[in-house]
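For reference, the structure is listed below as structure tokens.
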Amino acid sequence: MVSRVIPVDPFDLIIFGGTGDLARRKILPALFRRFCAGQMGNGARVIGAARGEMDTEAYRDFVRDSVLEFDDNAECAAKNLDSFLNQISYVTLDARGDAGWSELAGLMMPGRVRAFYFSVGPGLFGDLATRLHEYDMADADTRIVVEKPFGRDLETAKALNAILARHFDEGQIYRIDHYLGKETVQNLMAIRFGNMLFEPLWNSQYIDHIQITVAESGGVGKRGGYYDKAGAMRDMMQNHMMQLLCLIAMEPPAKFDPDAVRDEKLKVIRALDPVPSGDVVRGQYEGTAQLQGYRNEVESRDTQTESFVAIKAQIGNWRWAGTPFYMRTGKRLRDRASEIAVVFKHAPHSIFGMEAGSHRNILTIRLQPNEGIELGVTIKEPGPGGMRLVDVPLDMTFAEALGDDQTDSPDAYERLIMDVVRGDQTLFMRGDEVEAAWRWTDPIIKSWEDKNIAPILYATGSSGPDDALMLMHRDGRRWREIKP
Ligand code: BG6
């Protein structure tokens with residue numbers, strides 16, 4: 001199925017950190033795909049800005065290489081790459097000084113949407129915001145896009161919010177969590193609020209527990225410098241996992257609009273109970289003969305940073321009291337597989353007797369790969385003699401059901417960048433949401449630091465530390481297998 005393309009107004013996107021890794025891997029290829037889809041007509045312009053001395057021609061070569069490396073649609077590249085590059089220019093600029101700012105200001109054109117993408121470390125947010133105002137580049141129609149990590153704790157997140165608020169209204173600030181741009185993550189809302197079937201059962205009366213797994217098979221690779229200061233808790237739990245939890249647990253918003261959705265997400269985060277230390281497990285992967293362990297990858301023998309975290313979370317409200325949410329995420333696990341499993345309670349009484357066995361429904365939403373939903377239902381095992389029950393899946397893989405193939409499904413960044421241009425903040429985090437998430441995660445991290453709790457080592461290619469399995473076993477439950 002070919003996705004419908006909604007036209008957007010002419011826009012300028014200025015990428016600070018235009019030669020950085022995120023620009024190369026994600027932002028520029030995403031823009032090119034939108035160009036191919038016809039959404040960058042009307043003379044839209046992309047201006048890369050960074051410290052490195054280069055001219056526009058050299059930057060276009062950089063963009064060409066990045067598109068060819070990270071976009072696999074060769075047919076589109078052959079046809080459109082040159083015209084796309086014509087819409088790109090470059091300015092050498094010093095975020096902390098004045099070099100390059102007048103030149104950049106001279107390129108601005110009135111009457112079009114202007115978005116500044118802060119694809120730089122948070123230490124530069126204040127400098128960039130201030131200079132944009134000093135050089136008169138920001139007006140009411142200006143938007144800024146900021147990436148995670150948005151702070152490393154509540155205090156730093158508040159400071160960043162305060163710096164940005166000095167120059168921009170909340171309605172102009174787009175805090176990216178790329179998980180919200182994923183098609184399957186948006187589908188969580190469609191599944192929950194587009195169907196009558198689930199809502200009446202969506203509470204602790206019918207749901208035993210919910211499991212959220214975001215498992216990666218890769219290690220930290222070249223990002224060790226950043227990751228070792230963050231760890232799985234700051235890198236994944238505070239943001240991506242938290243967003244998944246919100247979408248699965250929130251009350252139905254009155255409408256699909258930015259503040260209605262974000263108000264409901266915020267209520268979930270605020271209702272989270274503090275987590276006792278016994279309900280958290282942190283791990284770190286060991287190496288194998290072929291693959292380096294975490295410590296070797298980050299080149300720090302005695303690092304205490306976690307590459308895995310599992311948490312049993314409880315939401316203290318009427319809908320969810322008594323239904324735990326088990327969340328786990330980690331690197332170098334058995335497979336790359338992310339899913340949410342909603343495990344319903346057993347039927348209150350079995351009319352079929354003990355021999356029929358114990359069964360229950362599980363609704364699984366596969367986020368990636370092999371995106372789809374599966375509902376486990378119990379039926380009679382075929383054949384004569386007695387009533388034996390068996391669980392079978394009603395399985396819907398989106399690619400099959402929609403006649404789609406993976407190349408048609410837009411990357412999260414494509415969707416999110418176009419939402420910035422359209423001025424739609426629904427899939428972006430609001431400042432209070434980010435702060436609330438830190439307010440919940442900070443005490444967990446602090447207790448590790450205070451008690452000097454070291455992560456438990458786990459084998460590369462495993463499901464994480466055994467203690468994470470115990471987190472569920474002791475409640476008479478078990479994790480689903482990590483498999484795509
Ligand atoms: C990023 C994290 O935000 O998300 C990475 O910093 C992680 O450590 C990545 O690997 C996972 O994203 P995705 O889209 O590959 O699931």
Side-chain angles (χ1 to χ4, degrees), residues 17 20-27 29-30 33 70-72 117-122 145-152 157 174-188 212-245 247 282-285 291 294 297-298 303 305-309 327-340 365-372 406 409-417 427-429 434 437-438 441 445 455 460 464 482-484:
D21 205 46
L22 184 73
R24 198 169 70 89
R25 286 170 178 278
K26 293 289 183 188
I27 305 172
R33 282 193 289 272
F70 295 104
D71 180 52
D72 50 12
Y117 201 126
F118 289 16
S119 180
V120 294
V145 186
V146 294
E147 274 288 337
K148 70 168 262 269
F150 198 82
R152 54 175 289 106
Y174 291 72
R175 294 178 196 77
I176 285 207
D177 181 314
H178 80 278
Y179 264 56
L180 290 174
K182 287 181 190 270
E183 283 288 309
T184 39
V185 174
Q186 292 167 54
N187 233 325
L188 290 176
I212 306 179
T213 298
V214 175
E216 296 183 85
S217 51
V220 288
K222 293 192 180 117
R223 297 171 70 231
Y226 146 76
Y227 192 92
D228 201 41
K229 291 193 205 84
M233 193 72 184
R234 291 188 173 97
D235 184 53
M236 296 291 290
M237 189 60 78
Q238 186 270 348
N239 38 79
H240 306 326
M241 301 292 284
M242 182 66 83
Q243 292 297 325
L244 297 178
L245 174 78
L247 296 181
R282 65 197 298 250
Q284 191 188 79
Y285 57 85
L291 292 168
Y294 179 81
E297 274 196 315
V298 303
T303 174
T305 303
E306 78 286 353
S307 59
F308 174 98
V309 64
M327 301 192 276
R328 64 178 164 171
T329 180
K331 296 199 184 282
R332 281 261 192 269
L333 295 175
R334 174 167 301 167
D335 257 309
R336 176 173 183 262
S338 303
E339 63 164 41
I340 299 177
I365 300 144
R366 293 191 302 268
L367 301 175
Q368 61 188 30
N370 194 20
E371 293 81 353
Q406 294 305 317
S409 177
D411 176 80
Y413 278 87
E414 292 177 59
R415 164 74 200 244
L416 294 175
I417 292 171
L427 300 177
F428 294 82
M429 293 180 296
V434 177
W438 281 120
T441 37
I445 298 173
T460 286
I482 296 179
K483 59 171 197 237

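Note that the structure is a prediction, hence the values are computed from the model and not measured. Both counts, for ligands and for their atoms, begin at 1 and track the order of listing.
Here the protein heavy atom with the shortest distance to atom 12 (O) of ligand 1 is H178 NE2, 3.2 Å. Closest protein heavy atom to atom 16 (O) of ligand 1: Y179 OH, 2.5 Å. Taking atom 15 (O) of ligand 1 as the reference point, the nearest protein heavy-atom neighbour is R336 NH2, 4.0 Å.
A donor-acceptor contact closer than 3.5 angstrom is absent between the side chains of N239 and Y179. Using a 3.5 Å distance cut-off with no hydrogens or angles, the side chains of E147 and Y117 do pair a donor with an acceptor.
Near K331, meaning under 4.0 Å from one of its heavy atoms, ligand 1 places the atoms 5 (C), 7 (C), 8 (O), 10 (O). Against a heavy-atom cut-off of under 4.0 Å, K182 is close to the following atoms of ligand 1: 13 (P), 14 (O), 16 (O). Residue-ligand proximity, H240 to ligand 1, at heavy-atom distances under 4.0 Å covers atoms 1 (C), 3 (O), 4 (O). Ligand-side atoms of ligand 1 in range of K148: 1 (C), 2 (C), 3 (O), 6 (O), range being under 4.0 angstrom from any heavy atom.
Formation of a donor-acceptor pair under 3.5 Å by the T329 side chain with backbone atoms of V214 is found in this model.
By heavy-atom distance, the residue among V220, L22, D235, I176 lying nearest atom 6 (O) of ligand 1 is D235. One option in E147, R234, R223, E216 has a heavy atom closer to atom 10 (O) of ligand 1 than any other, and that option is E216.
Polar contact check, Q368 against ligand 1: a nitrogen or oxygen pair lies under 3.5 Å apart.
Judged as a side chain to side chain donor-acceptor pair (under 3.5 Å), and not counting sequence neighbours, Y174 has no contacts.
Exactly one residue among M233, R152, M237 makes a side chain to side chain contact (heavy atoms under 4.5 Å, CB included) with I445. That residue is M233. Residue K331 is tested with E297, E216, Q284 for a side-chain hydrogen bond (donor to acceptor under 3.5 Å, both in side chains); the sole match is E216.
At a threshold of 4.0 Å, the pair K148-D235 counts as salt-bridged, since one of the basic side-chain nitrogens sits closer than that to a carboxylate oxygen.
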